[in-house]
Amino acid sequence: MAQNVATLLVCLVMLLLAQGYARPSYIDLGLVLAVLGPAGTLVYARLFAEELAADPPTARVTYAMTVLSAAAPPLVVLPLCVATGPGRSLVKLLVIGVLLTAGNAISGRAVSGRTPLPREAHDG
């Protein structure tokens, strides 16, 4: 869960820095983080599936992180879209917002243990 939230916060900070310092390259870094962050959390959940099953995160923590990962991207990305105006950067910001919201929701479910991870057929 911590990796999921850290990726979310770093990505949103990169987007704010891109707008504040007028550096479009920071938006590209935010896009990379939005793609690789949830994927890294899924790899983490797969590697430590047994430990997560033995000691899953509490429901309260899982709920709080899910609400944070669902509410934070629109609260940051939508005002940045308005400030950016139409263009390629606007499309990037919208893609980043969708990736962050969907990716964090999916990886949060995997880490919480509500969705069982598939076992390979030859495990045993």
Side-chain angles (χ1 to χ4, degrees):
M1 297 301 283
Q3 178 184 356
N4 210 10
V5 173
T7 301
L8 171 71
L9 294 177
V10 169
C11 184
L12 294 178
V13 165
M14 285 297 146
L15 295 180
L16 291 170
L17 288 173
Q19 183 66 31
Y21 291 119
R23 302 272 185 172
S25 61
Y26 292 169
I27 293 177
D28 295 337
L29 182 59
L31 180 60
V32 169
L33 284 171
V35 171
L36 295 180
T41 303
L42 290 174
V43 169
Y44 168 82
R46 177 68 176 128
L47 289 175
F48 295 107
E50 292 175 5
E51 287 85 0
L52 287 172
D55 187 24
T58 62
R60 181 176 287 172
V61 170
T62 304
Y63 179 74
M65 296 303 158
T66 303
V67 169
L68 175 68
S69 65
L75 290 176
V76 173
V77 170
L78 292 177
L80 289 176
C81 288
V82 171
T84 300
R88 186 175 182 182
S89 293
L90 174 72
V91 174
K92 283 184 186 179
L93 286 171
L94 291 174
V95 168
I96 290 170
V98 169
L99 284 172
L100 281 176
T101 304
N104 286 330
I106 291 169
S107 60
R109 286 181 59 94
V111 170
S112 71
R114 290 185 296 194
T115 304
L117 294 173
R119 292 258 182 219
E120 298 208 16
H122 57 80
D123 283 351

Quick check: does any side chain N or O of Ser69 sit under 3.5 Å from a backbone N or O of Thr66, one acting as donor and the other as acceptor? yes
Between Val13 and Tyr26, is there shared hydrophobic-cluster membership here, with clusters defined by ILVMFWY side-chain heavy atoms closer than 4.5 Å? yes
Treat each ILVMFWY residue as a node, draw an edge where side-chain heavy atoms are under 4.5 Å apart, and state whether Leu90 and Met14 are in one component. no
Measure the spacing between CG of Leu36 and OG1 of Thr41 and express it to the nearest 0.5 Å. 10.5 Å
Could you state whether Val10 and Val76 fall into the same hydrophobic cluster, counting links through intermediate Ile, Leu, Val, Met, Phe, Trp or Tyr residues with side-chain heavy atoms under 4.5 angstrom apart? no
CG on Leu29 to SG on Cys11, rounded to 0.5 Å: 8.0 Å
Note: Ser89 and Thr84 closest approach over all heavy atoms is CB-CG2, 3.6 Å
Which pair of heavy atoms, one from Gly40 and one from Gln3, lies closest together, and at what distance? C-NE2, 3.5 Å
When rounded to the nearest 0.5 angstrom, what distance separates CG in Leu9 from CG in Leu68? 6.0 Å
Val77, Leu31: one ILVMFWY side-chain cluster at the under-4.5 Å cut-off? yes
Taking all atoms of both residues into account, what is the closest heavy-atom pair of Thr101 and Pro73, and its distance? OG1-CB, 3.6 Å
Is the shortest heavy-atom distance from the side chain of Pro24 to the side chain of Asp28 under 4.5 Å? no
If we only count heavy atoms from C-beta on, is the Cys81 to Leu94 side-chain gap below 4.5 Å? yes
Distance from Met65 atom CE to Ser107 atom OG, nearest 0.5 Å? 12.5 Å
CG on Leu93 to CD1 on Ile27, rounded to 0.5 Å: 4.5 Å
Within one Ile-Leu-Val-Met-Phe-Trp-Tyr cluster: Val5 and Val35, side-chain cutoff 4.5 Å: yes
For residues Leu17 and Arg23, determine if any side-chain heavy atom of one lies less than 4.5 Å from a side-chain heavy atom of the other. no
CG (Leu12) and CG (Leu8) are apart, to the nearest 0.5 Å, by 4.5 Å
